[in-house]
Amino acid sequence: MTSTYRLQLTPELGFREAAELTGYLRELGVGALYLSPILQAVPESAHGYDVTDHAAVRAEFGGLPALRALAARGLPLVADVVPNHMTVPVPESCNVALWAALRDGPASPYARWFDLEWPVALPVLGDDVGDLYGDGTGNEGGAGGDGFSVDGNVLRYHEHEFPIRPGTEGLPLPELLRAQHYRLVGWRDSPGYRRFFDVSSLIGLRVEDPEVYDATHAVILSLLDEGVLHGLRVDHPDGLADPRGYLRRLRPRVPGPLWVEKILIDGERPPEHWPCDGTTGYDALNMVTRLFVDPASEEQLVKTFARHTGVTEDYETVRYAAKKHVIELFFRGEVDRLTAALSGAGPETGALREAVVELLAATPVYRAYVDPGEPPSVESVGVVRGAAREAAAYADPAAVARVADLVLYGPSEAVTRFQQTCGPVMAKGVEDTALYRWFPLAALNEVGGEPDRFGVSAAEFHEFCAGLPPRTMTTLSTHDTKRSEDVRARLAVLSEMPDEWALAVDSWAAEVAFDSRLDYLGWQTLMASWPISVERFTKYLLKAAREAKTAISWQNREPGYENGVREFAQRAIDICGPSVAAFTAVVDQYARVNSLGQKAVQLMMPGVPDVYQGNEITDFSLVDPDNRRPVDFRRRRALLAEVLAPGARPTTWDGQKMLVTATALRLRSRLDPAAPYAPVEAGEHGVAFARGDEAVVVATRLPVGLERRGGWGGETLMLPPGRWRDLLTGHELTGRVPMGHLLSRYPVAILGR
C-alpha cells in the first residue's frame with residue numbers, strides 16, 4: 001500500500017457516496033481508501049466511535065451490501081476499528097449487551113464485556129434530583145422522583161431507559177431503585193465502569209477476554225477474510241488491558257497494513273514488541289510542523305504571549321497543574337480504583353492515594369508498556385522511575401517509591417490499571433487542557449506535540465526520518481488535530497515575523513478585549529483561519545474556553561461568560577476583520593511556501609502517507625467538529641483535471657497544492673515504501689532528500705528569512721547521480737543545480753529519475 005485517503009463517513013456521506021469518489025481518488029494517485037468506523041453506531045453520529053452493535057455494518061451508510069459494492073470499485077479499503085469502548089446510548093436499551101448486563105447483574109454472560117463495579121454507578125441524574133435512595137448520598141436539590149416513570153420492565157428517567165431486574169417489578173420507586181444492579185448518580189459523578197478518557201457515554205470493553213474479542217470482532221474479521229477490507233487502523237490501543245496481546249491476535253488476520261492510533265511524545269518510539277506497521281502519524285506531523293518553524297523567535301513569542309495573557313509559568317509548570325486539575329475533576333473514581341488495587345499489597349492510606357495522583361501527573365507518556373507477570377523493559381523502568389523522582393517532590397517519597405514498585409512489579413490488576421489510567425490523564429490533562437492554556441505559537445499545540453519545542457533543523461528531521469518504520473503512517477491533518485495543516489502553515493510564519501505579529505495583535509487587543517487568557521488564542525486562530533464566519537469562530541472559542549477550564553468547563557457553564565465569548569467573536573470580526581484580513585494577506589505569501597513544502601515532505605518521507613479528506617487543496621479547519629464539515633469534492637475534481645492538463649501552470653495556492661499532492665501521490669504509487677532515505681544538503685532555507693534512486697524532494701523552509709537575505713543567491717544543490725525530471729515543471733536536471741533555478745516556479749521540487 002503506497003498511500004491512503006481518509007474519509008469521515010456520515011449519514012450524508014456513506015458507502016455509496018464514497019464509491020462515487022473512487023475514480024477521482026485513483027486519478028489523484030491514492031493507493032487505498034481509509035474509512036472512519038463502519039460498525040453500527042448511534043444513528044445520527046458524525047464520527048462513528050460511539051458503536052452500539054458490533055454485529056452490524058452501519059445502516060445509515062448503506063449497510064453490508066453498500067460496503068461490498070464500495071470494495072468492488074477496486075480501491076483497497078482500510079477501516080478504523082474501535083476495540084477499547086462502545087457507547088452508553090440514550091436510550092440505554094440501544095446497547096443490547098450493556099442492557100443485559102445491567103438487567104441480570106454479575107451472572108449475565110455480558111457482564112464480562114465491561115469493567116464494572118457492582119452496583120454499577122450510572123451518572124445520568126440532573127442537578128435538580130435529590131436523595132433517591134434515602135441514604136443521604138443523592139445530589140443536592142429537591143426531593144427525588146421527578147422525571148421518573150415505570151413501564152413494565154423498563155425504568156425511565158426523562159429520555160433515559162434502564163432495565164428492571166426480574167422479580168422487582170411493582171415495587172415503589174425508592175425500593176425499586178435500591179433493588180437494581182445499578183445505581184443512578186449525578187451526571188458529574190464518576191461512573192462505576194472504565195470508560196474512554198472522561199467520557200461517561202463511552203464504556204470500556206474487555207477485549208482481553210477471548211469471548212468478548214470474538215463477539216466484538218466477528219464482523220470485522222469476516223470482512224477481512226472476504227477481502228472487503230484490506231487493512232485496519234486501531235483506535236486508542238493504550239486503553240486496552242493488553243495491547244500487545246490484542247495485536248498479536250489480530251495481526252495474522254489482516255492481509256494489509258495494521259496501524260495503531262498511538263500518541264508518541266517527543267523522542268518516543270513505538271513499542272518494538274507490538275506487531276503492527278506503525279502509528280497513525282502524529283509523530284511525523286509534529287516533526288514536519290517544527291521543520292517550518294524558526295526557533296530563533298522562541299523568547300520573543302513567549303514574552304508576547306505572557307504580556308497578553310498574564311501566564312508567566314513555563315510549559316512544564318502549566319502541564320503539571322493541568323494534569324493535577326483533571327485528575328481531581330474527572331478521574332477521582334479511576335484513582336480510587338487504582339489505589340484500591342495497589343493497597344491489595346498493603347494498607348490503603350491517604351499518602352498512598354496522594355502518591356498515585358502525583359505519579360500519574362508526572363508520567364510523561366500515554367503508557368509505560370509494563371506487562372503483568374513479565375520483567376519490565378529498561379525503557380519502562382526508566383519512565384516510571386523518572387516520574388517517581390519528580391513525584392517525590394510533591395508527595396511522601398516512601399509512598400511514591402512503593403507505588404512505583406507496584407506499578408512495575410506488583411499485582412496484575414495494579415499494573416494494568418495504572419497503564420490504562422496514564423492515557424486518559426495525558427489526553428485530558430495535556431491535549432485538552434494544557435494545550436489550551438499555554439500557546440505562544442499555537443502551530444505547535446498539536447496532539448503529541450511539545451509546544452515549548454520551537455522548531456527543528458533539517459539535520460534533526462533527517463535523523464527522525466532515518467528511524468521511522470518503513471510502513472508507518474504519516475499525516476498532516478486528521479479528524480482529531482487541533483487545527484488543519486494550512487492553519488499551522490500560517491501560524492508558522494509568525495515565528496519569522498514576531499515583531500510584526502506583536503504590533504498587529506497589540507492593535508487588535510486594544511480595540512476588542514474580553515478574557516486575556518482566551519483572547520490571545522482567539523487572535524491567532526482568527527488570523528490563521530481567515531476568512532471565518534462568526535458562528536465557526538464562536539464555536540471554536542467556546543470549546544477552547546471549556547477545554548482550558550480556567551473560567552468555564554464542559555461541566556460548569558456560565559451563561560454570562562459564554563455570552564461574553566459570543567460578543568468578543570462578533571466584535572473581533574466586525575471591528576478588526578479588515579486589519580486581520582490585511583495581515584493574513586501578508587502572511588499568506590509565506591504560508592503558501594510552508595503549505596506546499598510540508599505537503600511535499602510528508603507525502604515523500606518514509607512511511608505510508610495519508611491525506612485527510614479535502615486537504616489536497618487548502619483547508620483552514622479548526623478542532624472537531626469543525627474539521628468534519630462536508631467537503632466540496634466537485635470543486636476538487638474539477639481542479640485536479642485543470643492542474644493535470646498538458647501545459648498547466650497553476651498560480652493559485654489551491655491549484656499548486658493540488659498539483660503537489662497529485663504529483664507526489666502518483667510518484668509514491670511507483671515507489672517501494674521501504675525505499676532508502678538519504679538526506680541531500682540544501683542549506684539553511686532548504687530541506688531535501690532522496691528516496692532510493694527513484695525520487696528526490698526539495699522544499700523551501702523559513703521563507704521570510706530567505707526573502708530578507710535576498711533570495712537563494714548563488715546557493716546550489718547537488719543532485720544524486722543520473723538525469724532527473726522535475727515532475728511539477730517538466731524541467732530536466734542533472735548534477736549541481738542552482739537553487740534559484742530549481743525553485744523558480746514553485747517553492748518545492750519533486751524529481752523523478
Side-chain angles (χ1 to χ4, degrees), residues 50-55 84-126 129-139 144-196 199-209 211-212 215-216 241 332-334 336-338 340-341 413 417 420:
D50 42 5
V51 176
T52 59
D53 185 0
H54 290 87
N84 177 67
H85 57 267
M86 64 187 305
T87 194
V88 181
V90 179
E92 288 72 5
S93 55
C94 293
N95 185 330
V96 174
L98 179 60
W99 184 267
L102 295 176
R103 181 191 62 214
D104 300 328
S108 169
Y110 288 103
R112 66 194 304 167
W113 278 46
F114 312 104
D115 284 333
L116 302 173
E117 291 187 311
W118 302 98
V120 183
L122 301 175
V124 298
L125 298 180
V129 178
D131 186 359
L132 288 176
Y133 293 88
D135 57 5
T137 61
N139 297 341
D146 291 345
F148 286 92
S149 64
V150 176
D151 182 8
N153 58 1
V154 176
L155 170 67
R156 290 191 171 88
Y157 171 65
H158 296 296
E159 69 273 24
H160 297 277
E161 293 181 355
F162 307 101
I164 291 178
R165 183 176 181 176
T168 65
E169 301 90 341
L171 291 174
L173 182 62
E175 294 180 35
L176 180 70
L177 289 168
R178 287 193 292 269
Q180 304 309 312
H181 294 295
Y182 52 84
R183 183 180 179 90
L184 306 183
V185 299
W187 66 278
R188 292 184 179 87
D189 292 344
S190 296
Y193 49 83
R194 182 175 62 83
R195 53 187 168 166
F196 173 72
V199 185
S200 295
S201 61
L202 296 175
I203 185 170
L205 288 167
R206 297 184 62 254
V207 293
E208 67 272 21
D209 186 309
E211 289 188 20
V212 179
T216 55
R332 293 189 302 273
E334 284 79 359
D336 288 344
R337 287 191 284 275
L338 176 55
E413 184 181 1
R417 285 202 181 278
Q420 289 179 302

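Small disclaimer: the values here were computed from a predicted structure and weren't measured.
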Within the 4.5 Å heavy-atom criterion, are [X] and [Y] side-chain neighbours or not?
X      : Y      : value
Arg156 : Asp151 : yes
Val88  : Leu98  : yes
Ile203 : Leu116 : yes
Phe148 : His158 : no

From [X] atom [atom1] to [Y] atom [atom2], the distance as rounded to the nearest 0.5 Å:
X      : Y      : atom1 : atom2 : answer
Arg178 : Leu171 : CZ    : CG    : 9.5 Å
Ser149 : Tyr157 : OG    : OH    : 12.0 Å
Asp189 : Leu125 : CG    : CG    : 8.5 Å
Arg165 : Asn153 : CZ    : CG    : 14.5 Å

Can you list every pair that meets side-chain hydrogen bond (donor to acceptor under 3.5 Å, both in side chains) and has a residue in residues 100-112, with sequence neighbours left out?
Arg112-Asp209, Arg112-Glu211
Any side-chain hydrogen bond (donor to acceptor under 3.5 Å, both in side chains) pairs touching residues 84-98, not counting sequence neighbours?
Asn84-Arg194, Glu92-His160, Ser93-Glu161
Show, in sequence, the C-alpha distance, side-chain angles and deciding distance for Leu202 and Arg195, and conclude whether the side-chain contact (heavy atoms from CB on, under 4.5 Å) test is met.
CA-CA 6 Å; Leu202 296 175; Arg195 53 187 168 166; 5.6 Å; no
For Trp113 and Thr216: C-alpha separation, side-chain torsions, deciding distance, then whether side-chain contact (heavy atoms from CB on, under 4.5 Å) applies.
CA-CA 9 Å; Trp113 278 46; Thr216 55; 3.8 Å; yes
Partners passing salt bridge (charged side-chain N to carboxylate O under 4.0 Å, His left out) against Glu175 (at least two apart in sequence or in another chain):
none
Pairing residues for [X] by the side-chain hydrogen bond (donor to acceptor under 3.5 Å, both in side chains) criterion, not counting sequence neighbours:
X      : value
Glu413 : Arg417
Thr168 : Gln180
Thr52  : none

Between Pro106 and Ala111, the two heavy atoms sitting closest are O-CB, 3.8 Å
Is it the case that the ring center of Phe162 lies less than 6.0 angstrom away from the ring center of Tyr182?
yes
As a quick check of understanding, evaluate side-chain contact (heavy atoms from CB on, under 4.5 Å) for Leu176 and Ile164, giving each step before the final call.
CA-CA 8 Å; Leu176 180 70; Ile164 291 178; 3.8 Å; yes
Tyr193 side-chain N/O to Leu205 backbone N/O, donor-acceptor pair under 3.5 Å:
no
Is it true that a side-chain atom of Tyr133 and a backbone atom of Leu184 form a donor plus acceptor pair closer than 3.5 Å?
yes
Between Ser190 and Arg332, a side-chain donor and acceptor under 3.5 Å:
no
